[in-house]
Number of protein chains: 2
Amino acid sequence: MTEDDGSMKFAPADAAPRRATAMDVARAAGVSRSAVSRAFSQTAYLDTDKRDHIRRIAAEMGYRPNALAAGLNRTRSNLVGIVAGDVGNLYDAQLLSRLVSGLTAAGKWPVVLDGSVGADRLVATDIFAYPLDAMIVRGGSVDPVMVDTCAKLHIPLVFLGCVVDAPAVDSIVCRNAEGMARIADLLLNRGRRRFAFLGGPAQWASQQQRLQGLCDALAQAGLQLIATESADFSHQGGAKVARRLLQDHDLDALVCANDAMAIGALGVARHDLGLNVPADLSITGFDDVDMASWPCFDLTTACNPVEETVAGVIELLEARLATPSAPSRRIQIDAHLVRRGTH
Amino acid sequence: MTEDDGSMKFAPADAAPRRATAMDVARAAGVSRSAVSRAFSQTAYLDTDKRDHIRRIAAEMGYRPNALAAGLNRTRSNLVGIVAGDVGNLYDAQLLSRLVSGLTAAGKWPVVLDGSVGADRLVATDIFAYPLDAMIVRGGSVDPVMVDTCAKLHIPLVFLGCVVDAPAVDSIVCRNAEGMARIADLLLNRGRRRFAFLGGPAQWASQQQRLQGLCDALAQAGLQLIATESADFSHQGGAKVARRLLQDHDLDALVCANDAMAIGALGVARHDLGLNVPADLSITGFDDVDMASWPCFDLTTACNPVEETVAGVIELLEARLATPSAPSRRIQIDAHLVRRGTH
DNA sequence: CTGAAAGCGCTTACAG
DNA sequence: CTGAAAGCGCTTACAG
């Protein structure tokens, strides 16, 4: 009964309205489809007046060249996958956030994937149906199935947190052992002798390196760890295991594999066990997340610098895209000591 | 000099190796391109043996249908933009993380954008060149330019944190005023009378509603706020402004607009000013981030439930995609009281 | 300087 | 049941 009836046959109410295409703009502007395409190209020749005219009409119609269609003709999609780490982990959350900003600034669009589902399931999803320019994986251990899948699809990989030896796979890692040795030396110089290590999950390469760095530094001083236990890198897990360690052993230094667990341990030591940190006991972290500097924690830790890491990822990415066949690279980042109030 | 010389003319070392296409698989399997396409379609007819044969060869070659090319023929790209909030903010970080998981589970791939650059700049980027199925915006206030841009491109919008009245734009918000009234009632019942409000940036709709809810509840008790100040929703900002408020006024209740600021205020009150919380002073937050439940904080707050919010976003999204022309919807989420140790 | 045409990799009516 | 062809929206040699 309305005036729309005629057209409704062709455009039912529930159809998604179509986005304007170059053809639509060409018709509206009275030019060819090619001219519209050229109006949005940096390199193509087109009369300035004509270009302005086309762009004005396009703006009115809300037209933008469809990147998916354009991508078919190009070699790049500008889409980059990020397999996020455990975002409950504060360091991983900060890293992800900065990575998103860094990639955006580099002209790439980050498609964020939930790494907690595991590589097997990830590989089975249709994210690999998209011609990603690269995949960035944050994780503590290598996923061979991920490496294989990306290799077959010619998707360059950047691993963030562990080293992978495969063609077109680059890595960026922290010098964990050296960072931990700095912490150990600080504590040894302060006179600490009874050390325990509160570690993370064993499959994390960084966890093993941090433990190794600690053990080596202690060995040089003729000491060894009194106890070693593992938690899940979380605040809660750290608190729980720290309680056991502190109750079962007479310690003067509790070295934790990351800040979140150290902060959990700090709460247990001070509030539950009534220990005086740092008078009776040193507690240290690793990473230097934002929270470590809060006055209520003031945590002594080793800084795993996020900005530098992200800059490294971007550098690896751009080099790899420029030269797909280049040999694999590994960037190592120094973790410097951050002396605060808990050692 | 090597046997490869002949082919190198056509494939220079630095060209990105090409991904296998349906044509490549067709040749290898001795079938038509159409057959390959059908082998990967749920609905198309294809002899079972032939399908198995094609899929086996495809697996060997690492072939997957290119989603970008397929997307040209479909109405959906399965790409969804997320304009992330301030990820330094713990609540926003949790929300983003859960949103990524929720969208992935719903078969959508989240492209994460850095909201801190501002809508004007975002709209100018070429992310809108991609035919996004939808855009999810986390933010405290409306960006008209974002709404206009999405409308022209027929990209449905979901606002998360403020209500927008425009066609094909849905919203999901917390019942901020009611949540804050619950906190106020709790404190009034406990006998508090001298209230101050530590708010967030004025342009955030949620901030205004939280303030309003507090004022109304106080008015009903014949009271009004002694002081109101604003910070930036951060821990550090909250600490700084809380110090001023507590030094300048004789308060028995400091109501904060979010948890991060409340935790900052808690540190200042207890450690710097030597106040006894909750004996002398109540401090409350809003959101109930993970950290609020840590024993060292044990913050009384109102829970702004992340899971429920994410479920609501997904529901709005799916309904909108199913019926693009449906009237705009608004979902409201209840913020329930979480009584802990700081009131 | 600009239009018509071919091609990017896929899907899907259309014939057979 | 399956192949050849048209079309999705774009870019870019190729002619003019």
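Letters A, B, ... are given to chains in the order of the sequence lines, protein chains preceding strands, and every chain is numbered from 1.
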Classify every nucleotide of nucleotides 7-16 of chain D by which part a protein heavy atom approaches to under 4.0 Å, writing B for the base, S for the sugar-phosphate alone and - for neither, in 5'-to-3' order. BBBBBBB---

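Within the 4.5 Å cutoff, the side chain of Arg138(B) has no heavy atoms near those of the Ile82(B) side chain. Contact check for Leu103(B) versus Ile136(B): side-chain heavy atoms found under the 4.5 Å cut-off. For the pair Lys108(A)/Glu318(A), no side-chain contact is recorded, criterion being any heavy-atom separation below 4.5 Å from C-beta on.
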Enumerate donor-acceptor pairs with a distance under 3.5 Å from any side-chain N or O in residues 110-120 of chain A to protein atoms, sequence neighbours excluded.
residue, atom, partner, partner atom, Å
Asp114(A), OD1, Ser116(A), N, 2.9
Asp114(A), OD1, Ser116(A), OG, 2.6
Asp114(A), OD2, Ser116(A), OG, 3.2
Asp114(A), OD2, Ser101(B), OG, 3.1

Could you pull out all donor-acceptor pairs under 3.5 Å where a side-chain atom in residues 160-171 of chain A meets a protein atom, sequence neighbours excluded?
residue, atom, partner, partner atom, Å
Asp170(A), OD1, Arg320(A), NH2, 3.0
Asp170(A), OD1, Arg329(A), N, 2.8
Asp170(A), OD2, Arg320(A), NE, 3.0
Asp170(A), OD2, Arg320(A), NH2, 3.3
Ser171(A), OG, Val164(A), N, 3.2

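Here Asp52(A) contributes atom CG and Ile57(A) contributes atom CD1; the two are 12.0 Å apart, rounded to the nearest 0.5 Å. Here Tyr130(A) contributes atom OH and Leu79(B) contributes atom CG; the two are 5.0 Å apart, rounded to the nearest 0.5 Å.
Residues meeting the ring pair (Phe, Tyr, Trp, His ring centres under 6.0 Å) test with Phe128(B), sequence neighbours left out: none.
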Given the rule that a pair is Watson-Crick or G-U wobble with both distances under 3.5 Å, how would you write DNA chain D in dot-bracket, using | for pairs to a different strand? |||.||||||||.|||

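In the displayed structure, Arg51(B) atom CZ is contacted under 6.0 Å by more than 12 heavy atoms of other residues, nucleotides or ligands.
Judged by the 6.0 Å and 45° rule, Arg19(A) forms no cation-pi pair with Tyr63(A).
dG16(C) and dT12(C) are spaced 16 Å apart, taking the C1' atom of each and rounding to whole Å.
A heavy atom lying under 4.0 Å from DNA chain C marks the following residues of residues 46-58 of chain A, by number: Leu46(A), Asp47(A), Lys50(A).
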